[in-house]
Amino acid sequence: MKQTEIPVEIKNEIERLVKELNYHCYRYYVLDSPVISDEEYDRLYLRLKELEEKYNYVLPDSPTQRVGAAPLDKFEKVKHKEPMLSLDNAFSHEDVLEFDRRVKRHLGTSEDIAYTVEPKYDGLAIEISYVKGIFHKASTRGDGYVGEDVTQNIKTIKSVPLKIEGVEKVPEEIDIRGEVYMNIADFEALNRERELNGEPLFANPRNAAAGSVRQLDPSITASRKLHLACYGLGYVKGVSFSSQMDFIEWLKQARFPTPYFVKMAGSIKEVVEILKEIEQTHTSFPFEADGAVVKVNDFELQKRLGVKTREPRWAIAYKFPAHQGTTRILQIIPSVGRTGVVTPVAILEPVQIGGVTVSRSTLHNWDEIERKDIRVGDTVVVERAGDVIPHVIMVIKEKRTGKERKVSIPEHCPECGSRVVREEGEVAVRCVGLNCPAQVMERIRHFASRDAMDIEGLGEKNVELLYEKGLIRHFVDLYRLKKEDLLGLPRFAEKSAQNLINAIERSKKTTLARFLYAIGILHVGEFTAKLIAKHFRKLEDLYSISPDKLSSIPQIGDKIARAVSEFFNDKENINTLETLKKLGLSITNPDYEGDRKPLKRPLEGLTFVITGTLPRPRKEVEEMIEAAGGHASSSVSKSTSYLVVGEAPGSKLEKARSLGVKTITYDDLMEMLKS
Ligand code: IVH
């Protein structure tokens with residue numbers, strides 16, 4: 001249908017739907033305060049999609065245009081109209097005061113300067129260009145002058161407006177700068193998923209964000225939870241702003257996502273006060289901030305200050321003091337965990353790091369000691385980030401005296417004297433002692449821990465005490481403990497004994513997910529335990545399970561499947577579980593996702609490649625293929641079974657034809673999945 005033939009009511013409806021959907025997107029992704037339900041949103045979205053397809057009328061800012069772009073072969077280059085600069089660093093409050101003195105000297109004034117203070121996001125800097133209010137292009141910073149065109153990818157970030165709305169003055173052209181970042185929680189969830197899939201992990205949220213943006217396939221970017229914080233102005237035509245604050249206010253009105261906060265300071269003294277406050281609070285931000293950016297607020301003054309080579313004179317990045325310290329390794333001792341893994345731990349000369357005394361640090365594994373050449377007596381740099389266990393970053397070799405001593409993998413377990421073995425292809429070394437007290441105590445402690453059976457009052461010290469008194473040799477024994485056993489032990493009086501007995505009693509009512517985590521099956525962490533609980537109604541359904549049945553659950557790899565199957569095929573283990581039930585354990589399973597059809601693998605042994613745009617995200621389709629036993633690959637070869645051809649197919653189609661690979665449609669694939 002020609003555009004002129006489209007009924008005016010339809011055009012109006014499409015326009016209204018686009019406006020409405022974009023507004024709800026803004027409520028949800030920028031303000032984090034939706035006013036309609038997800039279902040209602042989906043309903044409006046589907047209606048819009050239906051009309052767009054029927055009348056072939058798609059507005060440039062339609063939310064349907066965020067997804068569905070085909071993968072690229074390479075990124076095009078984009079020249080920034082105004083260079084994207086970098087920032088000078090300040091590492092102390094004194095450096096910040098010096099920056100203020102430079103600003104005043106340059107302006108020839110001794111009056112207080114007004115500054116803004118914003119978090120320094122540790123992500124990827126990008127520029128988004130709008131022409132006549134419509135999202136036009138997005139590019140990376142690159143070398144500051146020329147970046148890469150990542151338009152399709154940035155479009156998938158839902159908080160990026162496709163149209164400038166909500167303001168009176170819409171600039172003819174505007175280039176807005178900001179940082180794409182990933183929240184810490186989303187980064188951790190992504191890595192957990194990658195670990196289960198056997199994919200390489202991202203080192204930090206910044207790498208995860210950068211890797212997601214610099215992706216040739218936009219459907220992968222779309223599947224990542226990315227955010228944007230807009231903080232800077234590039235080229236602009238048609239409107240003007242008087243200050244950073246004025247610009248930020250405009251961004252907010254125009255529905256752009258802005259930094260977590262932008263604080264005003266009337267003088268450099270106030271800036272330092274704000275910096276002190278942020279230093280205290282930044283570890284509770286949902287994202288990683290490696291500092292704060294201080295900017296001269298007034299744009300006139302910014303212009304007068306100008307740029308020195310690559311950095312503006314009107315801004316500085318204050319970097320938070322790193323959570324690192326230098327100290328000496330007094331001893332390296334082996335420590336035995338609940339699975340028998342023997343890990344090296346460094347005993348340190350106590351050192352203050354970020355207000356906490358650090359006297360031990362994990363060395364992860366024996367290979368790491370070798371790789372970093374860590375020796376007893378070495379002076380080392382230790383880092384403590386957030387709540388994680390401190391670790392040794394590097395050895396300061398210049399400080400060696402020649403008296404340092406290398407350590408080697410112990411041949412015997414330090415706790416029980418059993419042999420220590422290293423399985424082929426593994427970095428971990430394990431104590432083979434079945435009754436190794438260190439392992440037994442660790443297993444009981446884990447069983448009782450908060451995220452497992454949650455037995456309050458049964459920490460490391462009490463487990464050790466009960467073990468040493470011969471009262472427990474296994475977690476099953478906990479359910480045989482009586483108050484009389486506890487009375488008379490050091491640290492236990494009438495009330496504390498009763499409390500512990502009550503806590504043990506309470507723990508008998510638990511969920512399948514908690515229980516699976518608590519019993520300490522190899523490779524089964526909290527996440528995997530929950531995943532299994534989603535797919536099995538009750539504990540008994542896991543008895544004698546086969547590895548195949550487990551690995552048919554998407555996200556469960558062969559390694560986990562084997563470990564879980566081995567556990568539930570061991571007579572001794574089943575006896576233990578049955579004993580626990582006799583002792584009163586009762587397990588419910590609120591995580592169970594209902595009866596499913598028996599898991600089928602209709603695509604077993606087949607390899608699929610996708611080209612062009614499909615009705616749902618490529619990643620989702622690939623997951624469906626994999627869940628049905630097939631293999632999804634990204635390039636066509638002789639061993640490809642089928643090429644799934646979507647809209648606007650790429651060069652893969654020609655390649656498939658030349659190799660004689662069969663081609664099918666999306667609908668064909670759906671049919672195959674059903675069979
Ligand atoms: S202003 C000339 N503000 O830090 C002004 N940058 O080290 C430069 N960054 O390339 C940008 N948070 O990627 C500014 N609130 C913020 C920022 C920020 C993070 C990044 C940006 C820049 C780098 C410079």
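Ligands are counted one by one from 1 in listed order, and the atoms in each one are counted from 1 as well.
Atom 23 (C) of ligand 1 has K120 NZ, 4.0 Å as its closest protein atom, hydrogens excluded (heavy atom only). Among all protein heavy atoms, the one lying closest to atom 15 (N) of ligand 1 is E118 OE1, 2.7 Å. Looking from atom 13 (O) of ligand 1 to the surrounding protein, the closest heavy atom is E179 OE1, 2.7 Å. Atom 12 (N) of ligand 1 has as its closest protein heavy atom Y121 N, 3.0 Å. Looking only at heavy atoms of the protein, atom 11 (C) of ligand 1 is closest to Y231 CE1, 3.8 Å.
In terms of polar-atom proximity, defined here as any N/O pair under 3.5 Å, W314 makes no such contact with ligand 1. Ligand 1 has a nitrogen or oxygen under 3.5 angstrom from a nitrogen or oxygen of K295.
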(Q) Does Y29 form a ring pair (Phe, Tyr, Trp, His ring centres under 6.0 Å) with H227? I'd like the steps, not just the answer. (A) CA-CA 9 Å; Y29 289 101; H227 294 269; 8.2 Å; no
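Ring geometry for W250 versus F247: interplanar angle under 30°, hence parallel rather than tilted (30 to 60°). Using cut-offs of 30° and 60° for the angle between ring planes, the Y130 and F256 rings count as perpendicular. Under the 30°/60° scheme for interplanar angles, the aromatic rings of F287 and F285 are found to be tilted.
Taking a cutoff of 4.0 Å between a charged side-chain nitrogen and a carboxylate oxygen, D373 and R400 qualify as a salt bridge. Ion pairing between K372 and E368 holds under the 4.0 Å rule for side-chain N and carboxylate O. A salt bridge links D88 with K308: the distance from a Lys NZ or Arg NE/NH1/NH2 to an Asp or Glu carboxylate oxygen falls below 4.0 Å.
Per-residue contacts place L87 under 4.0 angstrom from the following atoms of ligand 1 (heavy atoms of the residue considered): 5 (C), 6 (N), 7 (O), 8 (C), 24 (C).
For the pair R177 and Y231, the cation-pi test (distance below 6.0 Å, angle within 45°) is failed.
Residue-ligand proximity: P119 is placed with a non-hydrogen atom under 4.0 Å from ligand 1. Contact between R177 and ligand 1 is absent, with no heavy atom of the residue lying under 4.0 Å from the ligand. Residue contact check for ligand 1: P312 places a non-hydrogen atom closer than 4.0 Å to it.
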